[in-house]
Amino acid sequence: MGGTIAAPVAGRILADILPYLKIQPRYSADEMIAKEVRVPEVRGKTLKEAKVILKEAGLEYRVSGQNMVDEAVISQQSPKPDIAVSEKSQVILFTNEDGEVERVTVPDLEKKSALEAARILKELGLNIRIMGSGEVIRQEPAAGTEVQMGTEIKVEFAPTEVE
């Protein structure tokens with residue numbers, strides 16, 4: 001909750017200070033602050049309906065299952081409905097009739113940049129929650145843990161040390 005309130009203020013302060021110090025930001029203040037959104041309920045909807053609902057919520061999706069036509073019915077989703085995630089997070093839509101949710105092993109992200117960590121997790125169907133900047137120093141769940149596709153991995157970064 002504190003980050004939700006403090007982050008926009010810090011972003012505006014930095015947006016004012018950086019030009020004064022003649023430092024060009026690489027990203028706008030809005031790009032640096034990941035907005036939180038709630039995952040909508042799409043189970044029981046068709047794939048076509050789910051895509052529209054998720055897009056309107058500011059979320060991406062990935063389909064898992066044998067049936068990937070627009071008329072396929074979503075049997076499960078991960079993350080579950082009403083979970084708060086970062087905007088543009090990926091919701092995994094399962095069209096398996098048995099409702100089976102695929103599981104993946106969390107990779108070791110130590111010493112990776114935010115961009116590298118996000119790419120690796122997205123390829124596995126996992127989401128990332130970034131805390132800090134620099135290189136990965138901690139992640140939760142830990143590397144080697146088996147989780148459902150769509151799970152959000154909390155990744156803490158710290159500035160790299162200059163030798």
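- Note that CD1 of Ile92 and CD of Gln76 are 13.0 Å apart. Values are rounded to the nearest 0.5 Å.
- Contact check for Leu47 versus Ile74: side-chain heavy atoms found under the 4.5 Å cut-off.
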- Run the side chain to side chain donor-acceptor pair (under 3.5 Å) check on Thr151 and Gln148 step by step: do they pass? CA-CA 6 Å; Thr151 297; Gln148 286 185 347; 5.3 Å; no
- Step by step, work out the salt bridge (Lys or Arg N to Asp or Glu O under 4.0 Å) result for Glu41 and Arg43. CA-CA 6 Å; Glu41 171 70 80; Arg43 292 174 294 189; 2.8 Å; yes
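- Linking ILVMFWY residues whenever their side-chain heavy atoms come closer than 4.5 Å, directly or via other members, places Val155 and Val104 in the same cluster.
- Side chains of Gln139 and Glu110 form no contact here, defined as non-hydrogen atoms less than 4.5 Å apart.
- Taken from CD in Gln77 to CE in Met149, the straight-line distance is 14.0 Å, to the nearest 0.5 Å.
- Other residues, nucleotides and ligands place more than 12 heavy atoms under 6.0 Å from the NZ atom of Lys80.
- The local environment of OH in Tyr61 is sparse, with at most 12 non-hydrogen atoms from other residues, nucleotides or ligands closer than 6.0 Å.
- Every pair passing salt bridge (charged side-chain N to carboxylate O under 4.0 Å, His left out) that includes a residue from residues 130-144 is listed here, sequence neighbours excluded: Arg138-Glu156.
- Closest of all the heavy-atom pairs between Lys51 and Asp70 is NZ-OD1, 3.2 Å.
- The OG1 atom of Thr145 lies 10.0 Å from the CZ atom of Arg103; values are rounded to the nearest 0.5 Å.
- Under the 3.5 Å distance criterion, the side-chain polar atoms of Ser86 are left unmatched by any main-chain donor or acceptor of Arg129.
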